[in-house]
A.B. asks: 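Questions regarding the structure given below will be posed in turn.
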Number of protein chains: 2
Amino acid sequence: MKQSSSAQSRSQPEIAEVSDAPLRQFMGYHIKRAFNVIQADLNDVLKTFELRMVSFSVLVLIVENPGIRQSQLSSALAIERPNLVVIIDALEKRELIVRDRLLTDRRAYLLQATMAGDQLCEKALRAINTHENKLFEGIDAAMRSTVVQAMRTIEAQS
Amino acid sequence: MKQSSSAQSRSQPEIAEVSDAPLRQFMGYHIKRAFNVIQADLNDVLKTFELRMVSFSVLVLIVENPGIRQSQLSSALAIERPNLVVIIDALEKRELIVRDRLLTDRRAYLLQATMAGDQLCEKALRAINTHENKLFEGIDAAMRSTVVQAMRTIEAQS
DNA sequence: TCAATTTAGTTATGAACAATAACTGTTATG
DNA sequence: CATAACAGTTATTGTTCATAACTAAATTGA
């Protein structure tokens with residue numbers, strides 16, 4: 001009783017295998033662990049293009065949505081505006097994108113990819129596709145679509 | 001052709017709805033967005049217990065694995081040892097866990113939860129369970145088990 | 001036996017990332 | 001026209017994550 005703060009001082013059994021069973025009951029835990037693996041793989045691929053997850057996402061959205069505003073980008077990707085500025089700056093400095101003044105609202109910029117940005121985006125998309133296919137090769141099409149459906153359901157809960 | 005860096009300077013069409021279609025092809029993107037929602041919900045629940053995701057995970061593993069070492073914890077949860085120290089310090093200061101010297105190896109500590117730690121862990125586990133059930137109520141049991149199976153497959157790829 | 005190496009935990013520190021307040025310039029409102 | 005709202009920026013802070021270097025203890029092996 002008294003020695004509860006140093007229980008098992010006689011036997012002191014060591015843990016051979018660490019159990020995370022109580023966390024495994026949570027789908028969120030499984031998702032987090034899987035996402036860690038995905039993210040590591042993704043960052044590895046993107047390093048080739050000198051991009052990180054966020055800057056890649058930003059580039060893709062600019063390529064896909066020519067003329068998008070920074071404020072639209074920040075809300076679409078849930079990046080705070082101030083933090084987006086430095087990302088945009090870096091992409092602009094690398095001449096992957098340009099800021100064009102919007103003539104009808106001189107506060108805003110329209111973002112567009114340059115030809116180089118377009119090409120880099122294309123290459124990165126293909127490379128990621130290849131890596132995702134490898135990473136997910138043990139998961140058949142039916143499962144993948146179930147996973148996507150579940151993720152969309154969760155995402156819609158916010 | 002020539003004006004590609006300031007294309008559409010006449011019309012400047014605005015983007016009404018931002019499309020993230022090219023990212024939606026990646027399962028990783030769906031998983032990330034879903035996980036953001038899960039994490040926000042989780043942190044909200046854990047705030048009640050003055051815990052964050054990592055400190056909660058650490059507490060659970062100590063409760064489940066009495067006598068676990070810090071090095072085992074850090075590798076189980078992929079937390080760098082130096083960063084784990086401050087987490088352990090905080091839990092110890094709150095008297096949720098104790099550090100006991102391992103008699104046969106005086107370098108190591110055996111970590112154990114106190115009664116208060118045990119109880120807090122129990123409460124937190126129940127609260128999270130409740131919230132997860134709510135968050136995932138649109139996902140039936142079959143889908144959930146498919147998701148978990150897919151996540152484990154991905155996790156195993158590392 | 002004992003010097004060299006390894007291990008567990010710690011300290012200090014810096015880099016990367018995220019969040020907030022406050023500013024400039026511009027547009028919208030009443 | 002004065003006031004408020006908005007887009008983007010700057011400055012700054014806090015949080016999170018990673019690395020190097022340290023202390024103390026245990027292990028290795030000549």
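Proteins get letters first, then strands, A, B, ... in listed order; numbering begins at 1 in each.
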A.B. asks: Let me check something: any side-chain donor-acceptor pairs from residues 19-29 of chain B under 3.5 Å, sequence neighbours excluded? List them with distances.
C.D. replies:
from	atom 1	to	atom 2	distance (Å)
Ser19(B)	OG	Ala21(B)	N	3.1
Asp20(B)	OD1	Arg24(B)	NE	3.4
Asp20(B)	OD2	Arg24(B)	NE	3.2
Asp20(B)	OD2	Arg24(B)	NH2	3.4
Asp20(B)	OD2	Tyr29(B)	OH	2.8
Arg24(B)	NH1	Glu155(A)	OE1	3.1
Arg24(B)	NH1	His30(B)	ND1	3.3
Arg24(B)	NH2	Glu155(A)	OE2	3.0
Gln25(B)	OE1	Asn129(A)	ND2	2.6
Gln25(B)	NE2	Pro22(B)	O	2.7
Tyr29(B)	OH	Arg33(B)	NH1	2.7

A.B. asks: If I take atom CG in residue Leu110(B) and atom P in nucleotide dA8(C), what distance separates them, rounded to the nearest angstrom?
C.D. replies: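 Computing the Leu110(B):CG to dA8(C):P distance gives 13 Å.
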
A.B. asks: What salt bridge (charged side-chain N to carboxylate O under 4.0 Å, His left out) pairs are there with at least one residue in residues 125-154 of chain A, not counting sequence neighbours?
C.D. replies: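 Every salt bridge (charged side-chain N to carboxylate O under 4.0 Å, His left out) pair that includes a residue of residues 125-154 of chain A, provided the two are not neighbours, is Glu122(A)-Arg126(A).
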
A.B. asks: Whole angstroms only, please: what is the CZ-C1' distance between Arg81(A) and dC23(C)?
C.D. replies: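 Going from CZ in Arg81(A) over to C1' in dC23(C) covers 15 Å.
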
A.B. asks: Tell me which residues in residues 69-77 of chain B put a heavy atom below 4.0 Å from DNA chain C, sorted by number, or none.
C.D. replies: Arg69(B), Gln70(B), Ser71(B)

A.B. asks: Among all residues two or more places apart in sequence or in another chain, which pass the side chain to side chain contact (heavy atoms under 4.5 Å, CB included) test with Ala40(B)?
C.D. replies: none

A.B. asks: Kindly give the atom pairs (protein nitrogen or oxygen, nucleotide nitrogen or oxygen) under 3.5 Å for nucleotides 14-17 of chain D.
C.D. replies:
from	atom 1	to	atom 2	distance (Å)
dT16(D)	OP1	Arg52(B)	NH1	3.4
dT16(D)	OP2	Arg52(B)	NH1	3.1

A.B. asks: Shortest non-hydrogen contact from Arg81(A) to Ser74(A)?
C.D. replies: CD-OG, 3.1 Å

A.B. asks: Starting at CG of Asp100(A) and ending at P of dG8(D), how long is that distance when rounded to a whole Å?
C.D. replies: 13 Å

A.B. asks: Just to verify, what does Glu92(B) make a side chain to side chain donor-acceptor pair (under 3.5 Å) with, not counting sequence neighbours?
C.D. replies: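 Glu92(B) satisfies side chain to side chain donor-acceptor pair (under 3.5 Å) with Arg99(B) once adjacent residues are dropped.
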
A.B. asks: Whole angstrom is fine here: how far is it from CG in Leu84(B) over to C1' in dA18(D)?
C.D. replies: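 Taking CG of Leu84(B) and C1' of dA18(D), I get 14 Å after rounding.
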
A.B. asks: Transitive ILVMFWY cluster of Val85(A) at side-chain heavy atoms under 4.5 Å: who else is in it?
C.D. replies: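 None; Val85(A) is a cluster of one.
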
A.B. asks: Which atoms of nucleotides 26-30 of chain C (N or O only) lie under 3.5 Å from a protein N or O atom, and what are those distances?
C.D. replies:
from	atom 1	to	atom 2	distance (Å)
dT26(C)	OP1	Arg106(A)	NH2	3.1
dT27(C)	OP1	Arg106(A)	N	3.0

A.B. asks: Enumerate the salt bridge (charged side-chain N to carboxylate O under 4.0 Å, His left out) contacts for residues 41-64 of chain B, please, sequence neighbours excluded, ordered by first and then second residue.
C.D. replies: Asp44(B)-Lys47(B)

A.B. asks: With nearest nucleotide decided by heavy atoms, which residue, Ile68(B) or Ile79(A), maps closer to the 5′ end of DNA chain C?
C.D. replies: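 That would be Ile68(B).
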
A.B. asks: With Arg101(A), which residues qualify under side chain to side chain donor-acceptor pair (under 3.5 Å), at least two apart?
C.D. replies: Tyr109(A)

A.B. asks: Clusters formed by hydrophobic residues whose side-chain heavy atoms approach within less than 4.5 Å: which one holds Leu110(B), and what are its other members?
C.D. replies: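 Noted: Leu110(B) shares its cluster with Leu102(B).
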
A.B. asks: Could you tell me the separation between the CD1 atom of Ile87(B) and the C1' atom of dA18(D), rounded to a whole number of Å?
C.D. replies: 13 Å

A.B. asks: Decide whether Leu61(B) and Val86(B) are clustered together by the hydrophobic rule: side chain heavy atoms of Ile, Leu, Val, Met, Phe, Trp, Tyr closer than 4.5 Å, transitively.
C.D. replies: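 In one cluster: yes.
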
A.B. asks: Only counting residues at least two apart or in another chain, list the ones meeting side chain to side chain donor-acceptor pair (under 3.5 Å) with Arg69(A).
C.D. replies: Glu14(B)

